[in-house]
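Written out below as structure tokens is the structure these notes cover.
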Amino acid sequence: MDSAFVGHVHTLRLALTDPRFDACAVTGALSVQPGARTALDEAAALAPEGSGPYADRLAAAVEAAGTTVQRPELGTLVAAVPATAADRDAASAAVAAVDDEAVRLRTAVKSRDGFFTTFFISPYSRYIARWCARRGLTPNQVTTASLITALIAAGCAATGDRWGYVAAGVLLLVSFVLDCTDGQLARYSLQYSTMGAWLDATFDRAKEYAFYAGLALGAARNGDDVWALAVGAMVLMTCRHVVDFSFNEANHDATANTSPTAALSDKLDSVGWTVWARRMIILPIGERWAMIAVLTAATTPRIVFYALIVGCAFGALYTTAGRVLRSLTRKAKRTDRAARALADLADTGPLGELVAAGMRRVPTYTAPAFLVGGAGAVIALLAAAWALPAGSPLLLVFAGLYVLAAGAAVAHPLKAPLDWLLPPLFRAAEYCTVLILAAKADVPGALPAAFGLIAAVAYHHYDTVYRIRGGTGAPPHWLVRTIGGHEGRVLLTTVLATVLVGRASDFPVALTVMAVFVALVVLAESIRFWVSSGAPAVHDEGEPA
């Protein structure tokens, strides 16, 4: 740092203490992480010449050598190295004119958030974050507190008593306040970590799905079986998120965007009230948790799930329809990286890989992946699972056709306009097959076991998404092969439902064994990765729902 530096303390925090970047600089200050130390040494050895502060010249030399130097947006904050006494007086006056702490608190809040979070949580949760920072608490501790609070809320809901439902609603809102606080604390104190990225990426879903289970257990105590609704809500939520992730990855580095639909969206964003309306109607996490909390306290679990499913289904249809229109009307060339990301999100196992390898040997095979492996195969499979009698051997034929179609769909790079729909369609096929077969088994424990299996598989899919978003690629391929891939699990579940039709009580046991196996394998690898030094030190800023 230059000894003549004049500026706000927070500008130095941004430049010198942010662990996410190998090199970071503001005027008069430069910091590097171990990954950029060699570049710094080489730049210093060259004794970069020129005018201006030495730290700035050094930063330019580091960047010229190929290391990206992050330069944070300062806004109204000041960072300067005055050359004259007059310049120093002017810089000092500019520093005095801006409240450093107010800026720090304001920037601790996400720039893009939902209506409920923005106006009902963040106005005070940022002060809770500051309180935590001043007492030495870490974002990971706050995240863990949020999880524990949500699990207690789920336990209260599981009592099935009115007091339990009221307490559950209150505690769920407290958990959400803490969930907002942990990210704000990370931004306020610049405490980003690999463990924090993992916890933040997975605990939201764990909390929400645990609460669903608590509601289902509470309803069962009062003689109302809502496990099918709980599973349906989880399936809908997970598929909706995969739509978001898949579309974003497919268009992450698209070379053009000439879609009139995107232009209309940008035009609507220029009208203030439409921004909030469009964020609210998709029922993002703040609005969703508020609705769940209020309805839990005031009504019954069945009503909670009805409202949740209807609201989330509308939000999913709205966002998916818009993205389909963008995909059909835009002129963009998708990259190999995007195609690789979609292939990873597809979660194809050994059976699908075998089919794909065979189809690549067919020179004339050019069928659209979305139509062959997506819509047609999924509709046929789910229609058969719904219409055929429980245990019908004919369902095995449809499951086999699904395996063939799923493999054929990924035989070539996924670069067609609608190929981003494949991952969510595969998720819908797998999750809904498990749900339908468990419901048709009509034996105690089948739907709770299906809930556990889908939760374990969904964790794997979320883990895949956040690894890709962190820039480290999908989980190792041995993991996908070990747990069978989506098509392998669909086939296995179908076989179990057919073979065990005469011993229906064994079907929940089989689903539970599958759930435990998938959970153990996936969690072990996930924990190993996220606590390793190779995991990305990131903090998610873009999760809308």
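Using a 4.5 Å heavy-atom threshold, the side chains of His461 and His241 count as separate. With contacts defined as side-chain heavy-atom distances shorter than 4.5 Å, the pair Leu58/Leu40 qualifies.
Dense packing is recorded around CZ of Arg162, with more than 12 heavy atoms of other residues, nucleotides or ligands lying under 6.0 Å away.
Across all their heavy atoms, Glu287 and Phe116 have their closest contact at OE2-N, 2.9 Å. Across all non-hydrogen atoms, the minimal contact from Thr296 to Val304 is N-CG2, 3.6 Å. Of all non-hydrogen atoms in Leu30 and Leu16, the two that sit nearest each other are O-CD2, 3.9 Å.
Under 4.0 Å is where a charged nitrogen must lie from a carboxylate oxygen, and between Arg288 and Glu208 at least one such pair does. Looking at Arg104 and Asp100, no side-chain N of the basic residue comes within less than 4.0 Å of a carboxylate O on the acidic one, giving no salt bridge. A salt bridge does not link Glu249 with Arg340: every distance from a Lys NZ or Arg NE/NH1/NH2 to an Asp or Glu carboxylate oxygen is 4.0 Å or more.
Proximity of a side-chain donor or acceptor of Thr117 to a complementary backbone N or O of Asp113 within less than 3.5 Å is not detected. Although no hydrogens or angles enter the test, the distance criterion places a donor-acceptor pair under 3.5 Å between the side chain of Thr11 and the main chain of His8. The closest donor-acceptor contact from the side chain of Asp179 to the backbone of Ser175 lies at 3.5 Å or more, if one exists at all. Using modelled atom types, one side-chain atom of Arg427 and one backbone atom of Ala346 make a donor-acceptor pair closer than 3.5 Å. Distance alone, capped at 3.5 Å, places no donor-acceptor pair between the Asp161 side chain and the Gly164 backbone.
Within the cation-pi definition used here (under 6.0 Å to the ring centroid, within 45° of the axis), Arg279 does not qualify as a partner of Phe115.
Tested against Glu101, the residues Arg130, Arg13, Arg126 include a single salt bridge (Lys or Arg N to Asp or Glu O under 4.0 Å) partner, Arg130.
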Evaluate the salt bridge (charged side-chain N to carboxylate O under 4.0 Å, His left out) criterion for residues Arg37 and Glu42: first the C-alpha distance (whole Å), next the side-chain angles of each, then the deciding distance (0.1 Å), finally the verdict.
-> CA-CA 9 Å; Arg37 185 61 57 82; Glu42 292 175 353; over 6 Å; no

